Number of protein chains: 2
Amino acid sequence: MKNCIKELRKEKRISQEELASAVAVTRQTIISLENGKYNASLLLAHEIAKYFGKTIEEVFLFDEEETN
Amino acid sequence: MKNCIKELRKEKRISQEELASAVAVTRQTIISLENGKYNASLLLAHEIAKYFGKTIEEVFLFDEEETN
DNA sequence: ATTTTATGTCAAGTATATTTTACATTTTTG
DNA sequence: CAAAAATGTAAAATATACTTGACATAAAAT
């Protein structure tokens, strides 16, 4: 699964640290999500989408082929 | 977070087992989600929503107050 | 009434998400 | 250029999602 967190964050011109505290997680978590190291939980995905005023499916892109 | 998996499933008149295999998880997982024992992962949420032809936010209801 | 099918519970195990801490590198700013 | 701010890496610890298997009860079917 891909996401456009980094792009949305840069549009808003905020740092990883600001986003992290806005959605109540660690900066490490934001880094890992942006760099595709793992997937957000449903709650975190919701918080992030809400923060950017988007829907979950707008922020997280589910390319088919990943029913891993 | 709440969800209307059980309701959607009953509308479609399918068993937990059918849903489970359709989205490639265990029946246990479906039971636990329906009974609110834990939250789905983002990927599973997507699979389930897709299966029912809905968006994630239509199936999973994020009552605010749960930034636990 | 009894067999089958569907739903539920419990507990232990594995996998993955998130935290914490500490440090290295890159980018921005004065 | 030097200092500060932002981004990145790595590893160990904790939390939560998901699996497996075994068994109990409820609902539906014959």
Side-chain angles (χ1 to χ4, degrees):
Chain A
M1 183 204 323
K2 294 190 172 180
N3 68 66
C4 49
I5 297 175
K6 189 176 285 188
E7 292 74 8
L8 290 168
R9 185 173 60 76
K10 296 207 160 173
E11 273 179 32
K12 264 211 166 192
R13 296 181 185 286
I14 61 170
S15 68
Q16 295 175 330
E17 196 141 321
E18 279 174 282
L19 175 56
S21 71
V23 300
V25 292
T26 306
R27 188 173 64 90
Q28 226 3 277
T29 298
I30 301 299
I31 293 176
S32 298
L33 293 179
E34 289 190 349
N35 296 348
K37 301 220 178 117
Y38 51 68
N39 299 124
S41 70
L42 186 48
L43 259 90
L44 179 51
H46 174 248
E47 287 299 318
I48 293 175
K50 188 173 66 174
Y51 178 80
F52 289 118
K54 306 252 174 197
T55 66
I56 291 179
E57 16 292 268
E58 282 170 337
V59 180
F60 298 87
L61 310 168
F62 306 90
D63 355 331
E64 307 311 323
E65 25 88 15
E66 52 190 337
T67 313
N68 313 322
Chain B
M1 184 203 323
K2 294 188 171 180
N3 68 67
C4 48
I5 297 176
K6 188 176 284 187
E7 292 73 9
L8 289 168
R9 185 172 60 75
K10 297 209 159 172
E11 272 179 32
K12 263 211 168 192
R13 297 184 183 286
I14 61 170
S15 69
Q16 294 175 331
E17 197 142 320
E18 280 175 278
L19 175 56
S21 71
V23 299
V25 292
T26 306
R27 189 171 64 89
Q28 230 355 284
T29 299
I30 301 297
I31 293 175
S32 298
L33 293 179
E34 288 191 351
N35 296 348
K37 301 216 179 121
Y38 52 68
N39 299 124
S41 70
L42 186 49
L43 259 90
L44 179 50
H46 173 248
E47 287 298 319
I48 293 176
K50 187 173 65 174
Y51 178 80
F52 288 119
K54 306 252 174 195
T55 65
I56 291 180
E57 16 294 89
E58 283 170 336
V59 179
F60 297 88
L61 311 168
F62 306 90
D63 353 332
E64 307 311 324
E65 23 90 15
E66 51 191 336
T67 312
N68 314 320

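So you know, we letter chains A, B, ... as the sequences are listed, proteins then strands, and number each from 1. Keep in mind it's a predicted model, so treat the numbers as computed, not measured.
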Trainee: Within the structure, does a side-chain N or O atom of B:T29 lie under 4.0 Å from either OP1 or OP2 of D:dA17?
Mentor: no
Trainee: Would you say B:K54 and B:I48 make side-chain contact, with heavy atoms under 4.5 Å?
Mentor: no
Trainee: Using side-chain contact (heavy atoms from CB on, under 4.5 Å), reason through A:I30 and A:E17 one step at a time and then give a plain yes or no.
Mentor: CA-CA 8 Å; A:I30 301 299; A:E17 196 141 321; over 6 Å; no
Trainee: What's the CG-P distance between A:L33 and C:dA17, to the nearest Å?
Mentor: 9 Å
Trainee: Tell me whether the NZ or CZ atom of A:K12 lies within the 45° cone about the ring axis of A:Y51 and under 6.0 Å from its centre.
Mentor: yes
Trainee: If every non-hydrogen atom of B:M1 is compared with every non-hydrogen atom of A:L43, which pair is closest and at what distance?
Mentor: CE-CD1, 2.9 Å
Trainee: B:N3 has an atom CG; how far is it from atom P of D:dA17, in whole Å?
Mentor: 12 Å
Trainee: Respond yes when some side-chain nitrogen or oxygen of B:K37 is under 4.0 Å from OP1 or OP2 of C:dT9, and no when none is.
Mentor: yes
Trainee: Does B:E18 or B:N35 map to a spot on DNA chain C nearer the 5' end, using the closest nucleotide for each?
Mentor: B:E18
Trainee: Rounded to whole angstroms, how far apart are CD1 on A:I31 and P on C:dT26?
Mentor: 15 Å
Trainee: Whenever both distances are under 3.5 Å in a Watson-Crick or G-U wobble pair, mark it; put DNA chain D into dot-bracket that way, with [ ] for crossing pairs and | when the partner is on another strand.
Mentor: ||||||||||||||||||||||||||||||
Trainee: From CD1 of B:I30 over to P of C:dT9, roughly how many Å is that when rounded to an integer?
Mentor: 15 Å
Trainee: Measure the distance from OH on B:Y38 to P on C:dT18 and round it to the nearest whole Å.
Mentor: 16 Å
Trainee: Quick one, B:E7 with B:K10, criterion salt bridge (Lys or Arg N to Asp or Glu O under 4.0 Å). Give me CA distance, side-chain angles, the key distance, then yes/no.
Mentor: CA-CA 5 Å; B:E7 292 73 9; B:K10 297 209 159 172; over 6 Å; no
Trainee: For C:dA17 and A:N39 - does any side-chain N or O of the residue sit under 4.0 Å from the phosphate oxygens OP1/OP2?
Mentor: yes
Trainee: C:dT19 P sits how many Å from A:E17 CD, rounded?
Mentor: 13 Å
Trainee: With a non-hydrogen cut-off below 4.0 angstrom, is B:S41 in contact with a base, only sugar-phosphate, or nothing?
Mentor: sugar-phosphate
Trainee: In whole angstroms, how far is the C1' atom of D:dC18 from the CD1 atom of B:I48?
Mentor: 12 Å
Trainee: Just by modelled atom types, is the B:T29 backbone N or O under 3.5 Å from a matching donor or acceptor in the B:T26 side chain?
Mentor: no
Trainee: Closer to the 5' end of DNA chain D via nearest nucleotide, is it B:L42 or B:R27?
Mentor: B:L42
Trainee: Within a strict 4.5 Å, meaning less than it, do heavy atoms of the A:F52 and A:R9 side chains meet?
Mentor: yes
Trainee: Hey, which of B:V25, B:L44, B:L19 is the one that makes side-chain contact (heavy atoms from CB on, under 4.5 Å) with B:L33?
Mentor: B:L44
Trainee: Before giving the answer on side-chain contact (heavy atoms from CB on, under 4.5 Å), spell out for A:N3 and A:L8 the whole-Å C-alpha distance, their side-chain angles and the decisive distance to 0.1 Å.
Mentor: CA-CA 10 Å; A:N3 68 66; A:L8 290 168; over 6 Å; no
Trainee: Give me the residues of residues 6-16 of chain B where at least one heavy atom lies under 4.0 Å from an atom of DNA chain D, by number, or none.
Mentor: none
Trainee: Send over the distance from A:I5 CD1 to D:dA6 C1', rounded to a whole Å.
Mentor: 17 Å
Trainee: Compare side-chain N and O positions of B:T26 against OP1 and OP2 of D:dT19 and report whether any pair is under 4.0 Å apart.
Mentor: yes
Trainee: Is there a donor and acceptor pair closer than 3.5 Å between the side chain of B:Q28 and the base of C:dT9?
Mentor: yes
Trainee: Is there a side-chain contact between B:L42 and A:F62, using heavy atoms and a 4.5 Å cut-off?
Mentor: yes
